[in-house]
Amino acid sequence: MNSRSGSYPVLYPDLVAAGGLASALERLASELGAEITVVPGDWGPLTSAGIAAPHPGRRPLSVRAGADRRRFAVAGWSAGVELVTGETPDLRDVVRAGVAWGAGKGLAELTALLPFLHVGELAEAHERGPAAVVDVQWRRIREQAAAEPQFPEFGLLVEAAYAEPRLRQLYPFSSHWTLGFNAHTGSPCPPVIAVAPAHDGHPYRVRDSPVATASVKPPRQRRPWPWPWPSCRPAPGPPSPVPRSDPSRLPRRRTRESCWGRRVSGCRSRPTPTGRRDKGSGGSRARTPSCVTTEGRASWPAAGRRRTRTGCAS
């Protein structure tokens with residue numbers, strides 16, 4: 001419920017005056033002489049709260065204020081099972097329910113003291129033990145399957161599983177027309193096994209959960225980049241008969257082993273175009289077939305004379 005709605009002050013003036021549901025429960029319990037411990041609720045302190053239960057195995061009694069009309073919904077859980085539920089417009093009934101729930105009173109006694117509380121068939125079976133819960137749940141599952149004539153394959157699956165003694169000892173439940181089995185009667189509990197019915201020519205399918213997670217594609221993993229790059233790898237082929245150490249037999253093309261890349265005598269810097277005056281050279285220039293050097297400096301041949309660089313002669 002939205003606590004800022006206009007109906008909240010009209011429906012719950014006592015909660016507004018107290019500053020919220022939790023504060024109102026503490027104030028009312030003090031007036032009634034009841035000892036309770038109020039804990040935070042799941043929907044904020046204005047419209048929800050909980051009453052702690054000292055009895056072992058029982059969770060705090062959940063209390064929530066309704067939005068459409070004045071009502072307080074309560075629910076009591078134990079071992080993953082909702083044992084009691086109900087609603088009342090009187091906040092004093094909520095305090096009494098919290099005291100009785102925390103004291104560990106039985107379900108029959110709770111409903112006798114507070115008629116607004118309701119106990120379901122499955123909750124009553126939990127007081128008798130896990131075997132009683134399994135029997136009640138199997139009966140409810142079979143009734144549910146019989147009431148679905150538009151999908152008879154599910155009913156055939158339920159009856160086939162019920163005929164198996166080992167499966168009949170497990171706690172059954174259904175989801176997405178798949179029959180699941182738990183080893184425990186409470187929740188949350190991961191299923192032991194799940195079976196999908198046979199239909200449209202497909203056989204029975206056994207899964208680890210009622211929902212078909214196997215059909216979901218796993219996240220695509222990024223493949224590592226190849227190293228070295230494929231373009232950097234030498235092409236396969238027979239070894240060259242020309243040794244790489246013979247510079248006169250190298251192909252006449254500019255490569256990384258050019259004049260300015262190799263640290264050889266007379267070619268230690270990148271050449272500059274001819275026509276620029278080398279400042280501070282002071283030495284004689286010697287023109288070579290590949291480049292012009294001047295005391296460790298290099299330059300291209302004169303304009304208009306194109307020559308292929310084959311090496312670097314000083």
Side-chain angles (χ1 to χ4, degrees), residues 42 50 53-62 64 73-86 101-102 104-111 117-219:
D42 299 331
H55 187 74
R58 290 190 174 182
R59 297 181 57 186
L61 186 69
S62 174
R64 291 173 54 186
V74 299
W77 289 74
S78 177
V81 180
E82 187 181 45
L83 297 183
V84 294
T85 182
W101 172 257
K105 294 186 179 298
L107 300 182
E109 191 174 359
L110 284 174
T111 54
L117 293 179
H118 304 283
V119 178
E121 181 184 15
L122 203 60
E124 293 177 348
H126 272 278
E127 284 194 330
R128 300 193 299 268
V133 177
V134 172
D135 293 341
V136 172
Q137 183 66 6
W138 267 114
R139 180 176 57 80
R140 298 175 63 179
I141 287 288
R142 297 177 68 186
E143 293 175 354
Q144 174 188 354
E148 300 293 343
Q150 69 274 15
F151 195 20
E153 291 83 359
F154 179 71
L156 295 176
L157 171 62
V158 171
E159 294 302 326
Y162 184 76
E164 175 60 38
R166 291 177 296 180
L167 294 178
R168 196 166 58 242
Q169 296 178 359
L170 300 176
Y171 180 83
F173 66 96
S174 62
S175 176
H176 296 78
W177 298 109
T178 302
L179 189 62
F181 303 92
N182 278 343
H184 302 278
T185 57
S187 63
C189 178
V192 175
I193 193 175
V195 183
H199 63 94
D200 297 336
H202 298 285
Y204 292 100
R205 290 173 303 235
V206 180
R207 301 169 178 166
D208 56 355
S209 64
V211 183
T213 56
S215 61
V216 181
K217 294 183 179 180

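Basis for what follows: all heavy atoms, side chains included, without hydrogens, waters or symmetry-related copies. Here, residue 1 is the first one in the sequence, and each next residue gets the next number.
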Please round to the nearest 0.5 Å and tell me the distance separating atom CG of Leu83 and atom CG of Leu122. 9.5 Å
Shortest non-hydrogen contact from Tyr171 to His184? CB-O, 3.7 Å
List the atom of Gly155, the atom of Ala145, and the distance in Å for their closest heavy-atom pair. CA-CB, 3.8 Å
In this structure, CD of Gln169 is separated from CZ of Arg166 (nearest 0.5 Å) by 9.5 Å
Which heavy atom in Pro60 sits nearest to a heavy atom in Trp101, and how many Å separate them? C-NE1, 4.4 Å
Working to the nearest 0.5 Å, report the span between OG1 of Thr85 and CG of Leu61. 9.5 Å
Tell me, do Leu107 and Val84 make a side-chain contact under 4.5 Å, heavy atoms counted? yes
Validation row: Leu157, Val195 side chains within 4.5 angstrom (heavy atoms): yes
Are Arg128 and Val136 close enough that some pair of their side-chain heavy atoms sits under 4.5 Å apart? yes
How long is the span from the CG atom in Leu179 to the CD1 atom in Ile141, to the nearest 0.5 Å? 6.5 Å
Nearest-0.5 Å distance, CD of residue Glu82 to NE2 of residue His118: 11.5 Å
Quick one: is the NZ or CZ of Arg168 closer than 6.0 Å to the six-membered ring centre of Trp138, and within 45° of its axis? no
Within this structure, what is the CH2-CZ distance for the pair Trp77 and Arg59, rounded to the nearest 0.5 Å? 7.5 Å
Contact summary for Pro54 and Gly102, nearest pair of heavy atoms: CD-O, 3.4 Å
Without swapping roles, check the side chain of Ser62 against the backbone of Ala75 for a donor-acceptor pair under 3.5 Å. no
Measure across Arg142 and Tyr162 and return the closest heavy-atom pair with its distance rounded to 0.1 Å. NH1-CE2, 3.1 Å
Considering all heavy atoms, the nearest Thr185-Pro130 contact: CG2-O, 3.9 Å
